[in-house]
Amino acid sequence: MDPTQMTAVELVAAYGSRSLSPVEATTAILDRIGTADGDLGAYCLVDGDRALDQARASESRWLSDHPQGLLDGVPVSIKDIFLTDGWPTLRGSRSIDPDQPWTVDSPVAARLRADGMVFLGKTTTPELAWKAVTDSPLTGITRNPADPRLTAGGSSGGSAAAVAAGMGPCSVGTDGGGSVRIPASFCGIVGFKPTHGRIPLYPASPFGPLAHAGPMTRTVEDAALMMDILALPDPRDPTSLAPPQRTFRGEFNREVAGLHVAYSRDLGYATVDREVAAVVDAVVRRIDEAGLPVTEADPGFTDPIEAFEVLWASGAATLLDTMAATSPGTREKVDPGLGRVWDRGERISAVEYLRARDVAAQAGITMGSFHEEHNVLLTPAVGIPAFEAGHEVPPGSGLERWPQWATFSFPFNLTQQPAISIPVGTTSAGLPVGLQIVGPRHSDDLVLAVARFVEWLLEQ
């Protein structure tokens with residue numbers, strides 16, 4: 001089997017049976033990056049020499065029957081937001097000096113390294129991960145493997161494009177308003193945003209209570225395994241949660257019969273593309289017919305976009321003010337769209353910020369009550385398919401800002417709940433469509449289990 005098309009679980013099984021080595025798998029994936037990434041722009045850094053050194057070390061461990069971790073030798077990419085020892089972390093910005101010591105691993109990089117995974121390189125992000133498409137003044141445009149004329153989504157678009165195009169079976173992204181789930185939906189892969197604090201972050205994100213990290217993979221099982229690697233606490237993150245009581249790999253395939261499932265086609269206020277709605281409606285009917293009864297129900301909150309944009313802009317302005325103090329010319333170098341967010345953020349008062357936090361809290365309370373009746377909520381992951389690359393909003397849509405079309409994702413950053421996007425079909429043009437599954441806070445294992453049920457159902 002082609003290593004570029006194998007899942008992480010399949011690679012580990014092949015290493016164990018000695019039918020494939022980590023060096024062979026890594027070499028094949030590096031070759032794939034060499035041939036495919038010129039058209040897609042998923043990577044901003046590829047370190048083939050380091051990857052092969054790590055693969056050779058992993059191969060020695062497998063040959064001695066002493067693998068280091070769950071995914072020892074599996075190639076992985078890391079979004080260029082996470083500090084990674086030995087590599088610059090430029091975050092898509094021309095204002096960050098690459099010529100400085102890079103000696104710190106973020107919690108994400110440290111966990112992956114300790115597990116023995118092979119680091120391929122860093123994936124692209126819009127500047128400071130500010131928007132839900134991936135292009136920046138530093139790295140250009142990241143394109144969708146399903147159709148390179150279109151966006152891969154964002155802000156973890158490089159990670160999604162890499163996984164979808166066979167340039168590594170798994171990656172890790174960040175999600176402050178949908179940045180894991182949106183590109184996962186656009187590119188046709190799995191993207192999981194766990195409960196806030198489940199995966200620790202360092203340095204602290206300027207987007208604070210909105211910020212999450214999450215695995216991006218081809219299958220739910222791979223996402224569960226990555227969660228077992230990433231979900232341990234780190235003392236550098238004061239918001240990180242206690243260790244999980246159960247393993248995700250032990251829970252993702254459990255029985256889900258008897259759950260109360262809700263489906264909201266539009267959250268009560270969103271606009272949804274006709275073809276996206278048809279694909280999601282069809283899979284929801286299959287879920288209901290397969291013995292997991294579904295009730296149509298909206299969560300009960302109104303569109304919280306204004307509160308989200310207050311929190312988002314104030315976070316961006318805080319970070320950019322800090323950067324400008326140490327890097328002259330930041331305002332001239334910054335992405336113009338991000339510059340407008342920066343300007344808005346500087347005008348937000350503490351009272352406005354606290355009012356936005358209250359909106360988020362009230363949405364969380366509403367969802368807490370909703371989940372007393374419904375174990376999980378199903379929605380479209382994104383209300384539209386991928387659109388022309390290089391634009392923040394679909395051309396001709398009349399929209400002005402990315403949150404206006406990211407309607408289904410950012411509310412669940414405000415509420416800090418676990419949510420996953422899994423691929424469930426395509427439009428008539430062959431563009432992927434994702435289903436979002438949302439669970440109560442701390443129910444990460446439940447969300448993965450329901451996602452696996454739907455994935456299994458679609459495999460039949």
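Side chains included, hydrogens not; waters and symmetry mates left out as well; all remaining heavy atoms used.
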Report the C-alpha distance between Val424 and Arg286 in whole Å, list the side-chain angles of each, state the deciding distance to 0.1 Å, and finish with yes or no for side chain to side chain contact (heavy atoms under 4.5 Å, CB included).
-> CA-CA 11 Å; Val424 293; Arg286 289 190 64 180; over 6 Å; no

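- Without hydrogens or angle criteria, Asp72 side chain to Gln68 main chain gives a donor-acceptor distance under 3.5 Å.
- In this model, a donor atom of one side chain and an acceptor atom of the other lie less than 3.5 Å apart for Ser159 and Ser171.
- Listed for the Thr123 side chain is no donor-acceptor partner under 3.5 Å among the backbone atoms of Gly158.
- Distance CG/Asp80 to SG/Cys44: 4.0 Å, rounded to 0.5 Å.
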Might you work through the side chain to side chain contact (heavy atoms under 4.5 Å, CB included) test for Val190 and Asp222, ending with a clear yes or no?
-> CA-CA 9 Å; Val190 173; Asp222 279 4; over 6 Å; no

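- At a threshold of 4.5 Å between non-hydrogen side-chain atoms, the residues Arg61 and Pro22 do not count as touching.
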Can Thr142 and Thr124 be said to form a side-chain hydrogen bond (donor to acceptor under 3.5 Å, both in side chains), step by step?
-> CA-CA 7 Å; Thr142 299; Thr124 51; 2.7 Å; yes

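- Comment: Arg218 does not engage Glu455 in a salt bridge, judged by the lack of any side-chain N to carboxylate O separation of less than 4.0 angstrom.
- If you look at His260 and His374, their ring centroids are not closer than 6.0 Å.
- Closest approach of Pro394 and Ile384 over heavy atoms only: CG-CD1, 3.7 Å.
- Considering only heavy atoms from C-beta on, Ile420 comes within 4.5 Å of Leu448 through its side chain.
- Between Glu59 and Arg56 there is no salt bridge, since no side-chain nitrogen of the basic residue lies less than 4.0 Å from a carboxylate oxygen of the acidic one.
- The pair Asp2-Arg32 does not count as a salt bridge, with every side-chain nitrogen at least 4.0 angstrom from each carboxylate oxygen.
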Could you go through the side chain to side chain contact (heavy atoms under 4.5 Å, CB included) check for Asp85 and Arg113 one step at a time?
-> CA-CA 10 Å; Asp85 182 15; Arg113 196 185 302 277; 3.8 Å; yes

Are Val133 and Val393 close enough, and set up right, to give a side chain to side chain contact (heavy atoms under 4.5 Å, CB included), and what steps lead you there?
-> CA-CA 9 Å; Val133 295; Val393 300; over 6 Å; no

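- Separation of atoms CD (Gln416) and CE (Met367) is listed at 13.5 Å; rounding is to 0.5 Å.
- For the pair Val256 and Val450, the tightest heavy-atom approach, listed with the atom from each and the gap, is CG1-N, 4.1 Å.
- Between the CG atom of Leu259 and the CG atom of Leu292 there is a distance of 5.5 Å, given to the nearest 0.5 Å.
- Considering every non-hydrogen atom in both Pro3 and Ala25, the closest pair reads CB-CA, 3.9 Å.
- A salt bridge links Asp65 with Arg18: at least one charged nitrogen is closer than 4.0 Å to a carboxylate oxygen.
- Within a 6.0 Å sphere centred on CD of Gln100, heavy atoms belonging to other residues, nucleotides or ligands number more than 12.
- The distance from atom CZ of Phe248 to atom CG of Asn253, rounded to the nearest 0.5 Å, is 15.5 Å.
- Going from atom CG of Asp47 over to atom CG of Leu120 covers 9.5 Å, rounded to the nearest 0.5 Å.
- Classified by interplanar angle (parallel below 30°, tilted 30° to 60°, perpendicular above 60°), the ring pair Phe186/Trp405 is parallel.
- For the atom pair CG (Leu210) and NE2 (His196), the distance works out to 8.0 Å, reported to the nearest 0.5 Å.
- In this structure, the side chain of Asn413 engages the main chain of Asp175 through a donor-acceptor pair within 3.5 Å.
- The shortest heavy-atom contact between Phe82 and Ser106 is CB-OG, 3.5 Å.
- For the pair Glu127 (side chain) and Val334 (backbone), a donor-acceptor distance under 3.5 Å is absent.
- When atom types are taken as modelled, the side chain of Thr195 and the backbone of His442 share a donor-acceptor pair closer than 3.5 angstrom.
- Residues Val180 and Phe192 are not in side-chain contact: their nearest non-hydrogen atoms beyond the backbone lie 4.5 Å or more apart.
- Contact check for Tyr263 versus Asp281: side-chain heavy atoms found under the 4.5 Å cut-off.
- Asp444 has no carboxylate O lying under 4.0 Å from a charged side-chain N of Arg198, or vice versa, which leaves the two without a salt bridge.
- By the 4.5 Å heavy-atom criterion applied to side chains, Pro299 and Leu267 are counted as neighbours.
- Heavy-atom minimum distance, Ile437 versus Ala451: CD1-CA, 3.5 Å.
- Partner of Leu30 under the side-chain contact (heavy atoms from CB on, under 4.5 Å) criterion, chosen from Thr4, Leu52, Asp49, Val118: Leu52.
- Remark: side-chain polar atoms of Lys193 are paired, donor with acceptor, to backbone N or O of Phe412 under 3.5 angstrom.
- Counting only distance, with no hydrogens or angles, the side chain of Trp312 and the backbone of Lys131 share no donor-acceptor pair below 3.5 Å.
- Around CZ of Arg254, the count of heavy atoms belonging to other residues, nucleotides or ligands within 6.0 Å exceeds 12.
- Counted by atom type alone, Gln436 and Thr379 present one or more donor-acceptor pairs between their side chains at under 3.5 Å.
- Put simply, the side chain of Ser58 never gets that close to the backbone of Gln54: no donor and acceptor are under 3.5 Å apart.
- Between Pro183 and Met216, the closest side-chain pair of non-hydrogen atoms falls below 4.5 Å.
- When all heavy atoms of Ser443 and Pro418 are compared, the closest pair comes out as OG-CG, 3.7 Å.
- By the 30° and 60° cut-offs, the orientation of the rings of Phe308 relative to Trp402 is perpendicular.
- With Tyr202 contributing its side chain and Asp234 its backbone, the two residues share no donor-acceptor pair below 3.5 Å.
- Between Phe408 and Val272 the shortest side-chain heavy-atom distance falls below 4.5 Å.
- With a 4.5 Å cut-off on side-chain heavy atoms, Glu388 and Arg149 do not count as touching.
- A donor-acceptor pair under 3.5 Å links the side-chain atoms of Ser185 to the main chain of Gly434, judged by distance alone.
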